[in-house]
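Reviewing the structure listed below.
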Amino acid sequence: MLRYILKRLLWMIPILVAVTVLIFTIMYFVPGDPVRIMMGANAEEAEVEAKREALGLNRPYYVRLLDYLKDVFFHFDFGNSLVDGSSVTKTLLSRFPRTFLIAVLSTVFAACIGTPLGITAATHPNSLRDRLAVFFSLVGVSIPGFWLALMLVILFSLKLKLLPSQGIGSFAHYILPCLSAGFMTIALQTRQTRSCLVEALREDYITTARAKGVVERDIVYKHALPNAAIPIITHLCGAIGGKMAGNLVIENVFAIPGIGQFLIRSINNRDYYGVQGAVIFFAFILCVMNLITDVLYAYADPRIKAQFEDSSKRKKKAEAGEESAA
Amino acid sequence: MKKSIKAPRETSFVIFCRRFKKEKAAVACLIIIVLMALACYLAPLIAPYAYDEINSKALHQLPSWQHIFGTDDMGRDIFSRILYGGRYSLAIGVLATGLGVLVGAIFGAIAGFFGGKVDMIIMRIFDVFQALPSILLSILISSVLGAGFTNMIIALSVGSMVGYARLLRASILSVRKIDYVEAATAIGCSSARIIVRHVIPNAMTPMIVQATMGVAQQILGAATLAYIGLGIPAPSPEWGAMLSAAKDYIRTYPHMLVFPGVMIAITVLCFNMIGDGVRDALDPKLKD
């Protein structure tokens with residue numbers, strides 16, 4: 001198992017390097033001059049040129065790329081923002097907790113509502129309840145998150161004046177963002193729970209349990225649910241990683257000073273270093289969350305754990321083992 | 001020879017249609033989408049006003065009989081703008097999915113069929129793409145390409161391409177081992193013929209389902225891009241761009257935000273339900 005984790009951690013390095021190269025190259029082709037935006041339209045051409053030279057933006061592509069890679073991977077330094085000269089690394093780290101908090105809170109919220117819905121649907125297949133739950137989950141994945149956020153603001157902040165519409169500060173500030181960010185996850189969670197539980201309820205051991213006269217409630221909660229829970233829980237962990245980047249527009253709607261808001265501001269200002277830093281940071285988080293998900297999965301399910309150990313023992317087939325794990 | 005090949009194909013399509021007809025909700029959604037597309041296509045005939053007709057005497061009007069969805073900050077009729085905007089939103093959703101499926105299918109088929117080194121290289125490149133959430137990738141690419149109809153389609157399809165490639169590769173890997181592929185190899189069919197005639201048709205089912213739901217995802221993605229200002233440039237009405245323009249008036253004229261969002265939600269919901277219906281019709285085993 002340790003070998004597997006180590007292998008995955010090492011494999012993250014080439015992935016992140018490749019992501020860095022990809023993002024750097026994409027940003028290299030972004031039209032618009034950041035220095036011009038920074039200094040305003042009235043600045044003298046000579047001044048702009050001097051500033052560009054000072055920032056090293058006139059050097060050729062590969063020199064800048066190698067420099068950047070060196071900074072990121074040896075000094076963990078994402079460079080300085082072209083807009084205000086502040087350190088991108090510091091900005092990212094100071095903004096990370098809020099982005100993370102919203103991702104976690106909204107996922108927890110979604111799990112609390114989605115799981116029971118999924119269980120009801122699965123235990124009453126093809127009933128009205130099931131149909132309603134499935135329909136609800138389809139509606140959930142169909143509403144744009146940022147639009148739902150705006151509607152919630154109109155209802156709860158502007159009409160009812162119950163909750164603040166922007167910023168951070170108290171717990172109340174987090175309610176609307178988490179609600180709108182979690183809504184789609186509720187739907188996904190309902191579907192996931194339903195399909196996993198339906199599958200578990202078809203297994204032979206359920207028939208055995210029924211045959212020996214176990215009450216239906218125990219069949220669902222003691223026999224089927226624990227077996228269905230593994231993919232459900234790991235799915236949730238994976239969701240947190242994806243949500244952090246997925247919430248960037250919602251962060252913007254609620255003016256939450258998280259990484260998403262920083263990223264969009266950086267894109268609009270052509271702040272290369274800000275965009276690159278934020279994207280690489282997101283990629284890193286996603287890789288780590290995926291790794292955690294896979295490890296959790298392996299720990300929860302002895303069969304998968306055995307698979308990894310088997311493949312690492314048989315050295316010749318180690319490659320194949322990794323292939324199927326990926 | 002030709003007839004005997006064609007006959008079973010038609011029946012499988014007929015079987016699909018018969019099964020799909022039983023999915024009442026999906027059929028209803030299909031009808032809604034067709035009507036919606038028709039209304040948008042015929043917008044010049046149906047729309048009561050032109051989409052860029054500015055009326056300074058009727059700014060920010062609430063819904064009324066003259067303007068059933070109200071008017072926006074320049075007095076333009078929101079209902080007419082939604083009709084015209086639907087042309088962009090629907091076209092972007094369908095075309096971006098088509099492009100994503102096409103490119104993804106090509107790479108997925110190559111990777112899945114040839115295996116070995118080719119497979120490894122393609123998959124490793126896709127690993128890099130997948131290290132980024134697809135919407136992030138779309139945002140970045142669209143900030144390079146700039147705003148516009150074609151650029152939006154490209155940006156969105158790049159984000160989704162990898163998913164289709166992986167899906168097709170996975171189903172090809174499972175189909176490849178089935179005897180009829182071996183038989184085709186044995187009688188000397190070329191690789192291209194085996195891929196196109198034998199493997200892809202049998203590996204298509206999950207792709208078709210995914211693509212139907214993909215249209216829904218792309219419409220949502222397009223709305224997101226437009227909302228953060230990377231959509232179609234200003235005077236053209238696109239649903240996401242309408243939301244983006246309306247968000248500044250949330251405190252004073254919230255009605256401007258409601259209708260474009262409702263249209264997006266209805267459209268996306270319909271595509272999702274059609275996708276569900278198609279899945280059940282194509283493969284009843286998948287239905288639980």
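From a predicted model like this one, the values you see are computed outputs, not experimental measurements. All heavy atoms count here, side chains included; hydrogens, waters and symmetry mates do not.
Heavy atoms of Leu138(A) lying under 4.5 Å from chain B belong to its backbone as well as its side chain. Using a 4.5 Å cut-off between heavy atoms, Leu263(A) touches chain B through its side chain atoms alone. Both the backbone and the side chain of Phe29(A) come within less than 4.5 Å of a heavy atom of chain B. Only the side chain of Leu248(A) comes within less than 4.5 Å of a heavy atom of chain B; its backbone N, CA, C and O stay farther away. Residue contact with chain B, scored on non-hydrogen atoms closer than 4.5 Å, involves the side chain of Lys159(A) exclusively. Heavy atoms of Val275(A) lying under 4.5 Å from chain B belong exclusively to its side chain. Proximity to chain B (any heavy atom under 4.5 Å) is restricted, for Met184(A), to the side chain, taken from C-beta onward. Looking at Leu148(A), there are no atoms closer than 4.5 Å to chain B (heavy atoms on both sides), in backbone or side chain. Of the atoms belonging to Ala131(B), heavy atoms from both backbone and side chain fall under 4.5 Å from chain A.
Taking each heavy atom of Leu140(B) and Ile26(A) in turn, the nearest pair found is O-CG2, 4.0 Å. Closest non-hydrogen pair, Leu257(B) versus Trp147(A), comes out as O-NE1, 2.9 Å. Contact detail for Ile267(A) and Ser143(B): the closest heavy-atom pair is CG2-CB, 3.8 Å.
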Step-by-step side-chain contact (heavy atoms from CB on, under 4.5 Å) determination, Val258(B) to Met151(A): CA-CA 8 Å; Val258(B) 175; Met151(A) 291 299 115; 4.1 Å; yes
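Residues Phe146(A) and Leu243(B) are in side-chain contact: their nearest non-hydrogen atoms beyond the backbone lie under 4.5 Å apart. Counting heavy atoms from C-beta outward, Tyr227(B) and Asn252(A) have side chains that stay 4.5 Å or more apart. In this structure the side chain of Pro133(B) reaches within 4.5 angstrom of the side chain of Leu286(A), judged on heavy atoms. Using a 4.5 Å heavy-atom threshold, the side chains of Ile143(A) and Leu269(B) count as separate. Counting heavy atoms from C-beta outward, Asp127(B) and Trp11(A) have side chains that approach closer than 4.5 Å. Put simply, the side chain of Leu132(B) reaches to within 4.5 Å of the side chain of Ile23(A), judged on heavy atoms.
Within a 6.0 Å sphere centred on CZ of Phe73(A), other residues, nucleotides and ligands contribute more than 12 heavy atoms. Shown here is Phe284(A), whose CZ atom has no more than 12 heavy atoms of other residues, nucleotides or ligands within 6.0 Å. Residue Tyr68(A) qualifies as enclosed at atom OH: its count of foreign heavy atoms under 6.0 Å is above 12.
The CG atom of Leu150(A) sits 8.5 Å away from atom NZ of Lys247(B), with the distance rounded to the nearest 0.5 Å. Between atom CZ of residue Phe282(A) and atom CG of residue Leu136(B) there is a gap of 6.5 Å, rounded to the nearest 0.5 Å. For the atom pair CD1 of Ile266(B) and OG of Ser142(A), the computed distance is 10.5 Å after rounding to the nearest 0.5 Å.
Ranked by heavy-atom pairs under 4.5 Å with chain A, the first of Asn272(B), Ile219(B), Leu230(B) is Asn272(B). Ranked by heavy-atom pairs under 4.5 Å with chain A, the first of Gly261(B), Cys270(B), Ala265(B) is Gly261(B). Counting heavy-atom pairs closer than 4.5 Å to chain A, the top residue among Ile141(B), Asp276(B), Ile135(B), Ile139(B) is Asp276(B).
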